[in-house]
Amino acid sequence: MKEEKSKIKLSSLPYMNSSLELEKRVEDLLERLTLHEKFNLTAGKKWWYTKPIRRLGIKSFAMHDGPHGVRADREGKINSTYFPSSICRAATWNVELSIDFGIAIAQEIRDVGAHMLLAPGLNIQRSPMCGRTFEYQSEDPYLNKKLAVAVVKGIQSQNIAACIKHFICNNQETNRFTSSSEVSERALQEIYYPAFKAAVQEADAWSIMSCYNKVNGIYGSEDEHLLKGVLMSEWGFRGFVVTDWGAGSRTTSAESCINAGLTLEMPAASIYSIPRLTQAYKEGKFTEETLNDNIRRLLRVMFLVGLFDDGNALLKGSRNTPEHQALTREIAEEGIVLLKNEMNILPLDMEKVKKIAVIGPNANKKTHLGGGSSDNFPPYEIKPIVGIMNKCTEKVEVINSPSDADITIIFVGLTHQVGMDREGEDKVSFNLPEDQISLIIKTVKENPNTIVVLTGGSPVSMKTWIDEVPAVVQAWYGGMEAGNAIANIIFGDVNPSGKLPITFPKVLSDSPAHVSDRTFPGDEKVFYDEGIFVGYRHFDSKKVTPLFPFGHGLSYTKFTYDNLKISHEKVSGDDTFSITLDITNSGEQFGAEVIQLYIQDIECSVERPSKELKGFIKVRLKPKEKITIKFELTKEDLSFFDEINNCWKVEEGIFNILIGSSSRDIRLQHKIEYI
Ligand code: BGC
């Protein structure tokens with residue numbers, strides 16, 4: 001009876017009225033909270049939840065990992081769809097697929113009764129050795145930001161909060177709890193910030209996770225300049241900041257975190273313990289007004305995800321549906337990159353190939369476990385060998401002896417085992433394991449028609465064997481349908497269209513982060529000495545030939561680029577100028593191509609990369625079909641960050657507009673002048 005009464009009372013309060021304006025609901029609820037209740041809202045409990053405030057009907061706000069599927073428990077009792085790793089999704093260069101992925105994973109989050117997904121991971125792939133390269137999207141800020149905006153929009157369209165992470169410069173796992181990323185303002189602005197900034201400004205991300213590491217000497221969770229200054233004042237972030245799990249315990253004080261704008265410490269109170277908060281408050285080290293702003297941000301998101309609304313009125317969730325599983329296959333198929341294909345050995349023709357040897361340690365391996373917070377617990381996972389067998393049925397015999405086969409497919413590469421692609425540690429080697437290298441070399445001797453399929457989420461050295469094999473397929477971690485996706489590519493049911501979102505160096509020392517120990521992995525400090533010259537910006541400008549360049553990926557058909565036209569020869573002020581060109585499928589098969597637009601500033605008062613991606617369009621064309629595509633640019637696309645005046649700037653002069661099929665396969669170019 002008593003409970004009934006209090007329910008009636010609560011439901012009549014203004015903040016419970018879902019038709020009231022959001023900010024009014026927030027303010028009304030905020031005013032009703034006691035200081036102690038506000039303290040309680042600053043830290044989590046039981047790993048994934050905030051503490052409920054029953055008096056006011058504030059339920060626990062639930063958040064789960066992770067980037068590739070919902071990890072609603074840590075034991076795997078709750079199944080969910082295992083999506084391809086982020087680097088694979090990025091290799092699709094397909095913005096719509098990232099929106100669809102965001103929608104699907106949010107539906108899964110909703111279905112387990114949670115409110116926020118701890119993803120996407122937007123750290124730049126600074127080094128191929130970072131254990132979490134597979135969890136991040138790209139080395140390039142433009143590609144990273146386009147996909148970030150798409151994923152966040154997709155997730156939040158379902159009224160589920162996205163949590164973009166890890167802010168910022170968490171670009172390696174070694175010493176991630178203690179090291180300081182020493183990075184210039186220009187590199188932050190041009191390389192590391194853009195995806196976070198765009199996710200905030202263009203997709204209104206509702207949450208951001210601070211990094212474990214320090215940035216220029218200050219922990220991300222207590223960096224007032226970074227959080228209050230850049231994120232909130234400059235970018236207009238309306239959501240709340242949550243620590244990475246356990247990051248709060250390293251910070252110096254409760255007040256520094258409160259004053260910096262950190263709302264929530266997860267998974268439990270450490271720096272935000274009630275005694276610490278009470279003491280600091282009593283000593284006047286932070287004000288209730290400052291705390292209010294942090295709490296207001298969390299309440300806002302609680303309302304946005306419908307925490308106070310009638311469950312029946314919320315969007316419905318769904319999990320492990322055939323649609324989500326089909327989407328994982330589609331992403332994997334579009335993300336697979338055909339790196340090499342001599343004499344068109346691929347696709348395999350079932351009418352001609354009668355015996356296929358399928359060998360290698362990764363042929364029969366699942367990949368959903370071992371990545372750390374990326375662990376997945378799908379209801380099933382199609383292993384590569386199963387995908388190939390499903391396809392071959394009676395038509396082709398699958399054997400395990402290369403010397404007796406027409407073709408050998410060898411599945412090697414990485415997994416999430418210790419020392420490879422996983423959270424908490426960086427890779428121990430840039431090479432494939434020795435036994436895999438020997439296996440490739442031995443196999444090619446037995447059967448020169450050997451196709452290497454690499455699983456893994458980061459570049460590896462291919463120095464000792466790449467020249468010996470006619471074809472190499474980069475299959476990443478392709479999610480629960482990976483085996484079927486790989487088979488569809490190998491047998492040509494799907495024409496490959498993936499393009500590398502990261503440069504594959506020939507040797508590790510060619511990579512800009514690997515010039516010395518101070519640049520990677522560093523010690524107390526990691527020096528980002530390469531500045532803005534990350535990934536292909538370094539390889540191009542310093543004229544180092546990579547093994548496979550950024551944007552590279554072959555197709556079973558050919559595309560012809562012509563008729564480049566630019567709307568203005570001279571551009572000034574805020575003019576928008578357009579670039580059009582014709583693209584024709586000049587081969588024999590249906591296929592998709594990613595047309596990439598780079599700009600080059602011919603002369604500038606500061607050093608600039610010789611190429612910067614500023615646009616891409618993915619098209620699908622039937623044989624002989626031709627279409628005209630159009631890019632639009634403004635002065636922003638021509639600008640750089642001027643460290644002296646602390647602002648973005650474009651200088652007058654000539655710019656080259658480069659159009660290519662990869663960063664090193666430029667097909668058309670034209671100059672314009674900025675006046
Ligand atoms: C990871 C985060 C993850 C969190 C919760 C941390 O160790 O860095 O990415 O979301 O754990 O599992």
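In what follows, residues are counted from 1 in the order of the sequence shown. Indexing begins at 1, ligand by ligand and atom by atom, following the structure's order. We use all heavy atoms of the structure for the numbers below, so side chains are in, but hydrogens, waters and symmetry mates are not. Remember, predicted model here, so these are calculated numbers, not experimental data.
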Would you call Glu224 and Lys228 a salt bridge, using N to O less than 4.0 angstrom?
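The answer is no: the pair does not qualify as a salt bridge.
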
Whether Ser273 side chain and Ala269 backbone form a donor-acceptor pair below 3.5 Å
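Flag not set: sc Ser273 to bb Ala269 has no pair under 3.5 Å.
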
Taking the six-membered ring where the residue is Trp, are the ring centres of [X] and [Y] under 6.0 Å apart?
X: Phe303; Y: Phe308; answer: yes
X: His68; Y: Tyr477; answer: no
X: Tyr212; Y: Trp245; answer: no

side-chain hydrogen bond (donor to acceptor under 3.5 Å, both in side chains) partners of residues 516-526, not counting sequence neighbours, each pair once:
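Applying side-chain hydrogen bond (donor to acceptor under 3.5 Å, both in side chains) to every pair that reaches into residues 516-526, excluding sequence neighbours, yields Arg518-Asp529.
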
So what's ligand 1 close to, N/O to N/O, under 3.5 Å?
from	atom 1	to	atom 2	distance (Å)
ligand 1	7 (O)	Tyr212	OH	2.8
ligand 1	7 (O)	Glu423	OE2	2.7
ligand 1	8 (O)	Arg132	NH1	2.8
ligand 1	8 (O)	Arg176	NH1	3.4
ligand 1	8 (O)	Asp244	OD1	3.2
ligand 1	8 (O)	Asp244	OD2	2.6
ligand 1	8 (O)	Glu423	OE2	3.4
ligand 1	9 (O)	Arg132	NH2	2.8
ligand 1	9 (O)	Lys165	NZ	2.9
ligand 1	9 (O)	His166	NE2	2.7
ligand 1	10 (O)	Asp65	OD1	2.6
ligand 1	10 (O)	Lys165	NZ	3.1
ligand 1	12 (O)	Asp65	OD2	2.4

